[in-house]
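Chain letters run A, B, ... following the sequence lines, proteins first, then strands; residues in each count from 1.
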Number of protein chains: 2
Amino acid sequence: MPWAPARGHNETMASDRSAGPTAIPVEQRRIVADEVRLPPGAMPEGTQGRILCEALRLFAERGFYGTSIRDLAQACGIRSATLYAHFPTKEHVLAELVRVGHESHHARLLGAGGTDPVSRLRAVVRAHVLAHAEYPLLAVVANNELHALSPEMAAPALLIRADGRQLLLDTLDAGVDAGVFHVPDTFMATTAISGMGMRVANWYDRGLPYTPEEIADTYAEFALRVAGVGHA
Amino acid sequence: MPWAPARGHNETMASDRSAGPTAIPVEQRRIVADEVRLPPGAMPEGTQGRILCEALRLFAERGFYGTSIRDLAQACGIRSATLYAHFPTKEHVLAELVRVGHESHHARLLGAGGTDPVSRLRAVVRAHVLAHAEYPLLAVVANNELHALSPEMAAPALLIRADGRQLLLDTLDAGVDAGVFHVPDTFMATTAISGMGMRVANWYDRGLPYTPEEIADTYAEFALRVAGVGHA
DNA sequence: CCTACCGATCGGTAGG
DNA sequence: CCTACCGATCGGTAGG
């Protein structure tokens, strides 16, 4: 359907790895990044933290339903029954990753500064994109596995999303009201700006010749252009 | 993690549906649209077509692994064993949806006209966005369930994606070379423009006060702005 | 398109 | 944190 870009540097059609630069690069099926990382303070000590990290890796790669509790336990070096000494159910493991993902993202949004519309939008978009580029596995799990949670367990994340969405919409509306932004429709500008940032989690990987900061800066520039602030 | 916007008009926190406009709208967990539709010519006659349609609905809502062959059969009004008279395996049902999604999207891209860079980019982005707004369930399945296919069965879709990606990149590069576009980095402009369009499938729904055409037009305008073509 | 059934695996529990 | 085990469900097949 799409083009979810990526330079496809971790998979090739050729089974011969020495095929060299002429090998056809094939994009990832879901996510390019493979570095398991959780925000500071979000990772519990000991086995509980190990379970979260392995779940992050497996859920990002195979999905929640595609990962059995035995897969997860084996990755942690324990028996499946031992998981239940740390989490009440498999769903609670996902719920914790979803919670951490949404809360850390939202905290960055709330921490975004900026007083005038331009610096404000730049700060908000930078925060949004940085969260996705620095924690791509977490973002993919939080975004794409949310449907595996029951409505009750998904509800907190959905409330956080609604708040973040409103924050971006308010930022755009304020700029329009101030006559600084020129946007045909601020709802669609919100979907466009948030959407482009979310997809960063699917293609970004540390093997690319960009730092997360560079991506955040460039995407903030794109967002300002969408908002009708001409380029320099 | 994100804000995948949507006006949340099909779910509310309140169990009382008569709560009225003060009810807090809660966004969908994965996709807002629920209208099952396949591109013209992509739906086989009879039971095989019915299986594809029900699979589209169930895979979009619950995912491939979250849908059992008994769920699918029941939705079609047949027994699970009968599925195997129409498809070799469950995976082949998904593969067919992924194929249809990618091929119909790609056909629209290839059909996009435009000679000068501005009209060319507009046509390509319109095609991209229209495919996602008119067939949101198909787009979500093709994009988000691709990881459930084996590498062999996912390969054709990945090749199509690579081609579409290159088409957009070439469009941007041509505009830059012609001095019409002004972009700090065409790779990132490609990821941004394709990403914003892909996310349309997650939030768009016919209940919103926009037609797919209006969304495509507005997103094409946003893409031109990202490309450094100032707004009118 | 069905009934009947296969072995494998699922999430989770008992009891220590 | 383990062994042992539960009933339920999984994708798929045999045979008609």
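If you check residues 48-67 of chain B against DNA chain D, the residues with a heavy atom closer than 4.0 Å are Thr67(B), listed by number. Of the residues in residues 80-88 of chain B, those lying under 4.0 Å from DNA chain D by heavy-atom distance are Ala81(B), Tyr84(B).
The separation between Asp71(A) atom CG and dA8(C) atom C1' is 14 Å, rounded to whole Å. In this structure, the CZ atom of Arg70(A) is 18 Å from the P atom of dC1(D), given to the nearest Å. Summarising the geometry, the separation between NE2 on His92(B) and P on dG11(D) is reported as 15 Å, rounded to the nearest angstrom. For the pair Ile69(B) CD1 and dG12(D) C1', the interatomic distance rounds to 6 Å; values are reported in whole Å. Lys90(B) has its NZ atom 8 Å from the P atom of dG12(D), to the nearest Å.
Contacts of Cys53(B) classified as side chain to side chain contact (heavy atoms under 4.5 Å, CB included), with partners at least two apart in sequence or in another chain: Val36(B), Leu38(B), Met43(B). Listed by chain and number, the residues in a salt bridge (Lys or Arg N to Asp or Glu O under 4.0 Å) with Glu96(A) are Arg99(A) (sequence neighbours excluded). Under the salt bridge (Lys or Arg N to Asp or Glu O under 4.0 Å) criterion, Arg126(A) pairs with Glu213(A), Asp217(A), not counting sequence neighbours. Under the rule for a side chain to side chain contact (heavy atoms under 4.5 Å, CB included), the partners of Ala123(B) that lie at least two apart in sequence or sit in another chain are Ala112(B). Remark: Arg37(A) pairs with Glu35(A) by the salt bridge (Lys or Arg N to Asp or Glu O under 4.0 Å) rule, at least two apart or across chains. For Pro44(A), the side chain to side chain contact (heavy atoms under 4.5 Å, CB included) partners are Gln48(A), Leu52(A), not counting sequence neighbours. Residues meeting the salt bridge (Lys or Arg N to Asp or Glu O under 4.0 Å) test with Glu61(A), sequence neighbours left out: none. Residues that satisfy the side chain to side chain donor-acceptor pair (under 3.5 Å) test with Asp170(B), not counting sequence neighbours, are Gln166(B).
With 3.5 Å as the limit, one finds no donor-acceptor pair spanning the side chains of Thr191(A) and Tyr204(B).
Ile78(B) comes within contact range of the sugar-phosphate backbone alone, with a heavy-atom separation under 4.0 Å but no base atom that close.
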For Glu145(B) and Arg29(A): C-alpha separation, side-chain torsions, deciding distance, then whether salt bridge (Lys or Arg N to Asp or Glu O under 4.0 Å) applies. CA-CA 9 Å; Glu145(B) 297 302 319; Arg29(A) 283 176 292 168; over 6 Å; no

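Residue pairs that meet the side chain to side chain donor-acceptor pair (under 3.5 Å) test with at least one member in residues 70-79 of chain B, sequence neighbours left out, are Arg62(B)-Asp71(B), Ser68(B)-Asp71(B).
Looking at the side chain of Arg79(A), the nearest of the listed nucleotides dG12(D), dC2(D), dG12(C) is dC2(D).
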Base-pair string, DNA chain D, Watson-Crick plus G-U, cut-off 3.5 Å on both distances, | for inter-strand, is ||||||||||||||||

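The side chain of Thr89(B) places no N or O atom within less than 4.0 Å of a non-bridging phosphate oxygen (OP1 or OP2) of dG11(D). Between Ser68(B) and dT9(D) there is no side-chain N or O to OP1 or OP2 distance below 4.0 Å.
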